[in-house]
Amino acid sequence: MTLKQTLSQAGEILAASNIEGPLLESELLLRHALKIDRIQLYLALAQELTPDQHEDFWRLVQRRLNHEPSAYITGHREFYGLDFYVNSDVLIPRPESELLVEKTLELGRNEAMGTIAEIGTGSGAIAISLALNLSETKIYATDISAPALKVALFNCRKHGVENIHLLEGDMLDPLPEPVDLIVANLPYVRESELARVNTLDFEPSIALNGGSDGLEKIRKLGAGLSTKLCPGGSLLLEIGQGQSEAVTSLLSGLFPTAKTAVFPDLGGIDRVVSLTLS
Ligand code: GLN
């Protein structure tokens with residue numbers, strides 16, 4: 001069977017199992033099995049697969065049919081135009097989190113940003129996207145999970161980033177000094193809604209579970225902010241659908257004179273909350 005026939009057959013099988021974007025998925029898996037890029041794939045569409053290639057590819061399709069995310073199967077996920085290594089020790093970076101990077105860079109362009117901390121960095125995708133655009137800024141990236149920090153370190157090296165200090169520990173605890181800006185995509189899914197995350201069997205639930213109301217981690221971060229954020233400093237938080245009012249009122253309760261703002265993602269869902277201290 002040719003590559004072209006294989007792609008369309010796998011696409012149909014994935015579609016029949018309700019896998020989203022079945023053709024793109026089958027292309028990603030075939031490229032991964034054959035270790036070729038998109039152009040090489042298109043140039044080879046009329047070629048036959050060898051028996052080994054055939055076996056490797058269909059093994060990957062089987063994993064996808066078991067709902068393992070393709071990012072874990074291939075070890076890659078694109079975020080903010082960059083390629084990151086991912087494995088099941090880290091959350092797969094989501095496109096909507098790019099807004100957190102954009103808003104942070106906007107702030108960084110307007111105000112001198114000497115130090116930034118990303119709390120719960122996971123794969124490091126957010127911290128690294130920032131570091132590549134803010135080469136003068138010292139960036140701390142923390143995570144409670146040592147295996148996640150290994151992935152972040154791998155990605156720092158992959159992207160040749162040297163201005164990130166990776167720190168192991170809970171929330172703000174490992175920060176050695178107050179910073180100008182704190183950015184975080186904390187776990188914010190309500191415990192009772194975790195089952196709705198369709199990658200739950202594969203992604204680390206520690207990166208998703210926000211406790212009974214989804215805001216447990218955000219509350220904990222807020223409580224520690226006063227000693228870890230410099231005067232005039234800012235916080236940028238990713239939030240889940242429907243959480244903007246609860247999060248802004250939580251933060252305004254803690255810092256009554258601070259300014260808060262909410263920014264929607266491309267889907268029109270409130271996705272980022274900012275707080276700027278006076
Ligand atoms: N956006 C993720 C999801 O809904 C949740 C990420 C998080 O908890 N920070 O799958």
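Remember, it's a predicted structure, so these values are computed and weren't measured experimentally. In each ligand, atom 1 is the first atom listed, and ligand 1 is the first ligand listed.
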Could you check Glu162 against Arg157 for salt bridge (charged side-chain N to carboxylate O under 4.0 Å, His left out), going step by step and ending with a plain yes or no?
CA-CA 8 Å; Glu162 284 171 1; Arg157 292 193 175 140; over 6 Å; no

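With ligand atoms numbered from 1 in the order given, ligand 1 contributes 7 (C), 8 (O) to contacts under 4.0 Å with heavy atoms of Ala207. In summary, the atoms of ligand 1 found under 4.0 Å from a heavy atom of Leu186, numbered by their order in the structure, are 7 (C), 8 (O), 9 (N). In the vicinity of Glu96, heavy-atom distances shorter than 4.0 Å reach the ligand 1 atoms 1 (N).
A salt bridge links Arg38 with Glu27: the closest approach of a Lys/Arg side-chain nitrogen to an acidic carboxylate oxygen falls below 4.0 angstrom. Salt-bridge formation is not detected for the pair Asp83/Arg77: no Lys NZ or Arg NE/NH1/NH2 atom is positioned less than 4.0 Å from an Asp or Glu carboxylate oxygen. Salt-bridge check for Arg219 with Glu216: failed, with every basic side-chain N at 4.0 Å or more from each acidic carboxylate O. Salt bridge status for Glu68 with Arg64: absent, with no side-chain N to carboxylate O gap under 4.0 Å.
Atom 3 (C) of ligand 1 has its closest protein heavy atom at Arg94 NH2, 3.7 Å. Protein heavy atom closest to atom 4 (O) of ligand 1, with residue, atom name and distance, is Val189 CG2, 4.3 Å. The protein non-hydrogen atom at the shortest distance from atom 5 (C) of ligand 1 is Leu208 CD2, 3.6 Å.
For the side-chain contact (heavy atoms from CB on, under 4.5 Å) with Met171, the qualifying choice from Thr142, Leu186, Ile144 is Leu186, the only one to do so.
Not a single heavy atom of Gly210 sits closer than 4.0 Å to an atom of ligand 1.
At under 3.5 Å, a nitrogen or oxygen of Tyr188, whether backbone or side chain, sits near a nitrogen or oxygen of ligand 1.
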